[in-house]
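First the structure, in the form of structure tokens, and then the observations on it.
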Amino acid sequence: MSDKDLRKHSNKIVDGIEQAPSRAMLRAVGFNTNDFKIPQVGIASTWSMITPCNMHLNDLASEASKGVSRSGAKGVIFNTITISDGISMGTPGMRYSLVSREIIADSIEAVTAAQGFDGLITIGGCDKNMPACVMAMARLNRPSIFVYGGTIKPGPKNRDIVSVFEAVGAISSGKIDEAELLDVEKTAIPGPGACGGMYTANTMASAIEALGLSLANSSAQEAVSDEKALDCENAGKAIMNLIQKDIKPLDILTKKAFENAITVVIALGGSTNAVLHLIAMAKEANIDITLDDFSRIGSRVPVLADLKPSGKYLMSDLISIGGIQPLMKRLLEHGLLHGDCLTVTGHSLAENLASVGDYPNNQDIIKSFSSPIKKESHLEILYGNLAPEGAVAKISGKEGMSFRGHARVFDSEEIAMKAILSDEIQKGDILVIRYEGPKGGPGMREMLSPTGAIMGKGLGSDVALITDGRFSGGSHGFVVGHVSPEAMTGGPLALVHNGDEIIIDAKKKTIDLLVDDSVIQERRNNWKRPASDVTKGVLAKYRSTVSSASNGAVTTPESW
């Protein structure tokens, strides 16, 4: 293959007399004459001093750029935005979190396509920028690799960000004092890296590795480690192999690859956000993934990892015993993964796993198939008259498999939070937090503040929470989110009244409002969409284009 064949995109930017102005601009940012003759690789860094998840990513981008140079290509680093869920959680700012997924994907697409990069390395370290990276890679469909920024080291006493949210509930119920809260606040986040449990960041990193878009164990390395720096350098080297072999994301992102990702997410006990993001990523790759795929796969895949939030261990503990590669090999050997899927190594998943060893004999982080945490998936897809298009429950089994109670209805997260902290919530209540969906928020806020406060108050097994919003990967307890259709579009959640009886049954996979159909119809006839303070800007644009949560909350038009 000739040099020009390797430069399918950059040749349009830098070749020929007429492109002298382009070359002049590029010389000013460090290009030399030879750089115009070799492939250009864009390195999308989601660096930001907004959040510890991303504060180190430009250093990792530099390592990736070195690897690109050593492989015979030219690396060009560029940045995109990041929103911090942990900082904006529980505030109106959280509206922008899921919206940022679309903005990040759009920005990576725009820069890469406009600058004519022949390959793409994306480096993500927080919940929304990781699926956004993959969405952009699928749209562009040019040789690409994803690199995870890595997980944070644990704080003292194995503390992490969820420890802080739960401490808020604990202090309001008198379980700890202000001095202990301050100690937790000061020590829970010791430095760079994504939140330390099997929350959304570590879940999505693992899912992307299982998809085949990352090098081995990219998902299971601490942010500040020699292994992570080497992972970035190796990705820089590997991108040239993909360019030479013309292996592109859509060659990797098959239906089987997404089934592998779903399987790994379930085995790890991963975040409910994976449902939303994997559906969105699949849509960009023109692969049909629905809620029912999670139910189908979940019926035969056990939860094997004893990881936070509902388990005992942090991601750093899993890293210490070998990361997710031995788990994937076990899953493959049990016939639960498709070994023939292509990966960014240029080899199949089975070939990549052939030399991987097993976990140490004395570890108890990853359970055996004969003694799993849960025999079936913890991600339960529920249907019923309260969620005709589906809802996503995170049921570890520790909370029980069903919950029947009376509704306490709140039209925003803030109102619900005040009720929780002022001890208005009692055992047997089912909190309904509505008008927080993709259009309702707008932005589908995460509910870590309410769930953290509930757990901190010791009510995790005694109350349930239902919402058309989302849950952080750090949420646990009897929680049901992504209720579709959402309340803002007149979905059944909008018709629930205080005191209504609701039953959630994870065994039957149902969620029902125990109110006569005639009463529900009368309420529907009298319902009026609430007014919104969002009338312009990015949130208004998002509201006008976003799909339901059951379709991934994407803004991509279905057709022209």
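Note that the numbering runs from 1 along the sequence shown for the chain.
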| query | Could you state the interatomic distance from CD1 (Ile189) to SG (Cys195), rounded to the nearest 0.5 Å? | reply | 6.0 Å

| field | From OG1 (Thr122) to CE (Met135), nearest 0.5 Å | value | 12.5 Å

With a 4.0 Å cut-off, would you call [X] and [Y] a salt bridge?
X      : Y      : value
Asp35  : Lys74  : yes
Asp106 : Arg139 : yes
Arg445 : Glu436 : yes
Lys256 : Glu259 : no
Asp85  : Arg470 : no
Lys128 : Glu446 : yes
Lys8   : Asp246 : yes

| said: Could you walk me through whether Asp288 and Lys283 satisfy the salt bridge (charged side-chain N to carboxylate O under 4.0 Å, His left out) test, starting with their C-alpha distance in whole Å, then the side-chain angles of each, then the deciding distance to 0.1 Å, before giving a yes or no? | reply: CA-CA 7 Å; Asp288 185 27; Lys283 285 186 177 297; 6.0 Å; no

Would a distance-only check, ignoring hydrogens and angles, find a side-chain to backbone donor-acceptor pair under 3.5 Å from [X] to [Y]?
X      : Y      : value
Ser547 : Thr555 : no
Glu486 : Gly440 : yes
Arg529 : Met488 : yes
Asn129 : Cys126 : yes
Trp47  : Met55  : yes
Ser225 : Gln221 : no
Asn217 : Gly323 : no
Thr467 : Ile433 : yes
Arg434 : Leu493 : yes
Ser214 : Ser218 : no

With [X], which residues qualify under side-chain contact (heavy atoms from CB on, under 4.5 Å), at least two apart?
X      : value
Asn241 : Lys245
Thr91  : Ser88
Gln19  : Ser22, Arg23
Ser144 : Leu120, Met137, Pro249

Just to verify, what does [X] make a side chain to side chain donor-acceptor pair (under 3.5 Å) with, not counting sequence neighbours?
X      : result
His482 : none
Asp251 : none
Lys255 : Asp293
Asp118 : Ser10

| field | Phe78/Gln115 under side chain to side chain contact (heavy atoms under 4.5 Å, CB included): CA gap, chis, key distance, verdict | value | CA-CA 11 Å; Phe78 66 96; Gln115 299 305 123; over 6 Å; no

| field | salt bridge (charged side-chain N to carboxylate O under 4.0 Å, His left out) involving Lys439 - partner list, sequence neighbours excluded | value | none

| field | salt bridge (charged side-chain N to carboxylate O under 4.0 Å, His left out) involving Asp226 - partner list, sequence neighbours excluded | value | none

| side chain to side chain contact (heavy atoms under 4.5 Å, CB included) between Ser100 and Ile81, intermediate numbers included | CA-CA 8 Å; Ser100 75; Ile81 69 162; 4.2 Å; yes

| remark: Taken in chain and number order and not counting sequence neighbours, the residues that satisfy ring pair (Phe, Tyr, Trp, His ring centres under 6.0 Å) with Phe31 are Phe36

| request: Would you check, one step at a time, whether the test side-chain hydrogen bond (donor to acceptor under 3.5 Å, both in side chains) holds for Ser163 with Asp160? | output: CA-CA 5 Å; Ser163 305; Asp160 65 357; 3.2 Å; yes

| remark: Tested for side-chain contact (heavy atoms from CB on, under 4.5 Å) against Val41, the lone hit among Ile77, Thr112, Ile243 is Ile243

| message | For Ile50, I'd like to know if atom CD1 has over 12 heavy atoms of other residues, nucleotides or ligands within 6.0 Å. | response | no

| field | Residue Lys12 excluded, over 12 heavy atoms near NZ under 6.0 Å | value | yes

| After noting the C-alpha distance and the side-chain angles of Ser484 and Glu389, does the key distance pass the side-chain hydrogen bond (donor to acceptor under 3.5 Å, both in side chains) rule? | CA-CA 5 Å; Ser484 299; Glu389 294 178 7; 4.9 Å; no

| field | Heavy-atom closest contact (Gly270 atom, Leu379 atom, distance) | value | O-CD2, 3.8 Å

| said: Run Phe294 and Leu278 through side chain to side chain contact (heavy atoms under 4.5 Å, CB included) and show every step you take. | reply: CA-CA 10 Å; Phe294 287 84; Leu278 284 169; 4.1 Å; yes

| said: Strictly by side chain to side chain donor-acceptor pair (under 3.5 Å), give each pair with a member in residues 534-544 just once, sequence neighbours left out. | reply: Ser532-Arg543

| Which is it for Ser348 and Asp340 under the side-chain hydrogen bond (donor to acceptor under 3.5 Å, both in side chains) test, yes or no, and what are the steps along the way? | CA-CA 5 Å; Ser348 71; Asp340 58 342; over 6 Å; no

